[in-house]
Amino acid sequence: MNDHDEARKSFGSDSAQLVYGKRADGTLAHISEVVRGLACLCICPACDGQLVARTKADFRVPHFAHNGGEACGGGPETALHLLAKEVFRSNPMLFLPERFALDKQQRVFTLPAQEVATEFLRMEYTDRERIIPDLYVRALGHEFFVEVAVTHFSDAEKVERLRKHGVPSIEIDLSKLPRDSTPEAIAEAVLRSAKRQWLFHPNIDKAEAKREEIERQRQAELAESLAKPIAQGKSLTLTYKDAVETFKSFSAEYPRKADLEAVGIAEHVGIKVPGFACFTVTPAVWQSMILIDVFHESALGNQAPAAIPIANYLEKRGLIRPQFKRIPRDVADYANSFDWNFAPPWKAVDSYLKHLAKAGVLFPQRSGMALSGLYKSRLTVVESATQAVKWILAQLPAAERGNMTAESWLDSVHADSGLTFRAALQPGLEFAFEIGSGINAIAHMLAKSGPVPRRTFGLPIEAALERHSAEGALRAAEQRKERLEEVARYRQSRRDRLCVDVEQALTGPAIGEFLNTKRADLGGMTPVESAEDSEVGLSRARELLSNLVRQREDEAEDAAERQLYREKITADAKRTLSAGNVESFLNARDDDLGRMTPLLYVRDEDTYRKALVKLSQWEREFGWP
C-alpha cells in the first residue's frame, strides 16, 4: 500500500473534514472564505480534482468535497503541508528543540530549546541523496531542512540520507493537529507548540559519540577499580585461612574467668563468630575483655559501646592482626563472598554483640549497647559495696566507728546467710544484691539524700540512725510550719487582691456589705472567705463582683432613662394642659397604663408613647379652653 492509499484509508471520507481548497492562484482558501457549491472555484490540494463547498446551508458541517467522484484522501495532509510553508513565508520565527552539544572543553551538555528567526529558501534542485524536504530555511547562519509529518514520519533510511547530506534536519509532528484547524492554530503548532525532534544534526552526532566514549571510559575504569578489590579479597581469604590454623593449639583460659562464671555469663564467652581469626588472641580472650573492660569498667568512657568503637579499642590493645586492620569495606565484602567464614574485625565484634543481645546479656541503648542490669549489678556489687563502706565509716565519729575498717567489716558475719560479708558479696550469690543495695541506702542517708534505712548490715550506725531520725522529724516539723506559713501568705494575698478589686468597684457601705455577706453560690461562704479558700474561690468572688457592678451600671442607666422620659412627659403635660390639670394627669392611675400613673409608667420610648396617647385624651377633655 502506497502513501496515497494509506492516506485515503484514514481520511478518504466526510469525517476527514477537508476544510482547505486551492484557488486558481495556488493559495489555500478556508471553507469559511468561499461561497457555496462549485462557485467556490477551488480544487483539491492533493489531486487537483474539482471541489464543491458544503456549508451550513447544506445542513452539514462546512467542508470541501470532491465533485462527482470519490475523495482522494490526500487533501487534508497536503493542505497542512502547504499551510506550514505559508506560515514560514509570513512568520520567520521557529522553535528549535533541545539537543546534545559539546562545550569548549569537549564536555557533553544539553543545549536548551530556543526560538530563532528564519529565512525561507526555495528548493529548486535535486541532490545526489534524493532529498526533497518540506521546508528549506536558514537560521543562526546555517541551513536547515524542516520535515512536516502528518501521517508519515521519517524512517531510518531517510535519516541516514539526511546524515550523508550533512544538513541539520528537524521533524515537526502535526499528527495530533485536527485537520480542520484554523490557520492561526496551524501557525502556532508549526512555529512553537507541536512536538518536534532533530532527525539529524552533526553536533548531536559528535556529542553522542563523545558521550559513548565517556561511558566506555567509565566502564573501563569501573572494571579496573573492581578488579583490584576483588584480587585483594581473594588474597585476604587465603591469609585468613592461615590465621584460623594458628588457633588450634591455643589455651582456653581467659581473664576474669571466675567472675564471669560466677555471674552466669561464661557460657557466652569463646563464641566463634565469622572473622574471629582476625584477632591475635582466642575468641574467649577478646570477648571477655569486651564484657569486663568495655561494658563493666566503661573503657570507652562516655562513648556509646558499639561495634566499631569496640574494635578500635581492641586494636589499640594490640589484639588485631596487622593484615586485618582497617580493611576497605568493598575488599571485605569480596572476601566474604569467597569465604563466608571471613569478616573484618568490627563485623566480628558486631556479630558477637548481636549474640549477647539475643541472649539477654546486652540491650540496645542510644546508639550502642549496654550491659543488662542483672549482670552489671552482680559484677559491681563487691567493688561498690567496699567503696561505700569506706565512705560510711569515714562519716562516723571516731567513738562510734571504733576499730572497724572496710576490711574488718568484710570479714564480719552476715546474719541472714551465716557467711562473711566478703563471701556473701561474691558475684552470683542471692544475698549480694540485697547487701549492696542496703549499703547504698545507708550512704544516701548519711549524705542527706535518702530516708533512714531499717537495717544496719553490721555497720556501727545505731547512733547515726537515731540522729538522722531526729533530724528528719525536725525537718518534717519545719517543713509543716513553712507550708502553713506559705498557705497563710497565699490566703492573705488572695484576700488583699479581692479587697483591692472591691474598693475600686464599690464605695461606702456597699464595700463591707459585699465582702461580708454569705452567698449560696459560694457554698455559704462570704466573698472574703471564698477568696481566702482558693484561687478558684477568688475567681468566683471576682465574678460575683463583676456581675454586681454590671447590675448597678444597668440600674443606673435605667434610672437615668426613666428620669429623662419623666421629664419629657412632665414638660409635655405642662405645654398641653392647664396648670390645675398637670398634676392630676401625672398622678392619676390608669387601667391602660397597668394601674400606674403616667409619671411612674414612663421608663423608655415605648411607655412614653403610650403615656402621650393618654395625654392626648386629657387634652381633648381637659385641655386649654
Could you check D350 against K354 for salt bridge (Lys or Arg N to Asp or Glu O under 4.0 Å), going step by step and ending with a plain yes or no?
CA-CA 6 Å; D350 186 60; K354 289 178 179 177; 3.2 Å; yes
Nearest-0.5 Å distance that lies between atom CD1 in I320 and atom NZ in K325:
7.5 Å
Checking side-chain contact (heavy atoms from CB on, under 4.5 Å) for the pair Y240/F338: CA distance, chi angles, key distance, verdict?
CA-CA 11 Å; Y240 184 74; F338 296 128; over 6 Å; no
Do L96 and E115 have side chains that get closer than 4.5 Å, going by heavy atoms?
no
Taking 4.0 angstrom as the limit, do R218 and E215 come out as a salt bridge?
yes
Hydrogens and angles aside, do [X] and [Y] bring a side-chain donor and acceptor to less than 3.5 Å of each other?
| X | Y | answer |
| --- | --- | --- |
| S154 | E171 | yes |
| Y313 | D293 | yes |
| E143 | Y136 | yes |

Go through the structure and list residues passing salt bridge (Lys or Arg N to Asp or Glu O under 4.0 Å) with D205, not counting sequence neighbours.
R163
Heavy atoms only: give me the nearest A277-A243 pair and the separation to one decimal.
O-CB, 3.5 Å
Verify the ring-centre separation between Y352 and H268: is it less than 6.0 angstrom?
no
Taking only residues at least two apart or on different chains, which pairs with a member in residues 299-315 satisfy salt bridge (charged side-chain N to carboxylate O under 4.0 Å, His left out)?
E315-R326
Checking side-chain contact (heavy atoms from CB on, under 4.5 Å) for the pair L162/F145: CA distance, chi angles, key distance, verdict?
CA-CA 9 Å; L162 290 170; F145 289 160; 3.7 Å; yes
Name the orientation class of the two ring planes belonging to W198 and F144 (parallel below 30°, tilted from 30 to 60°, perpendicular beyond 60°).
tilted
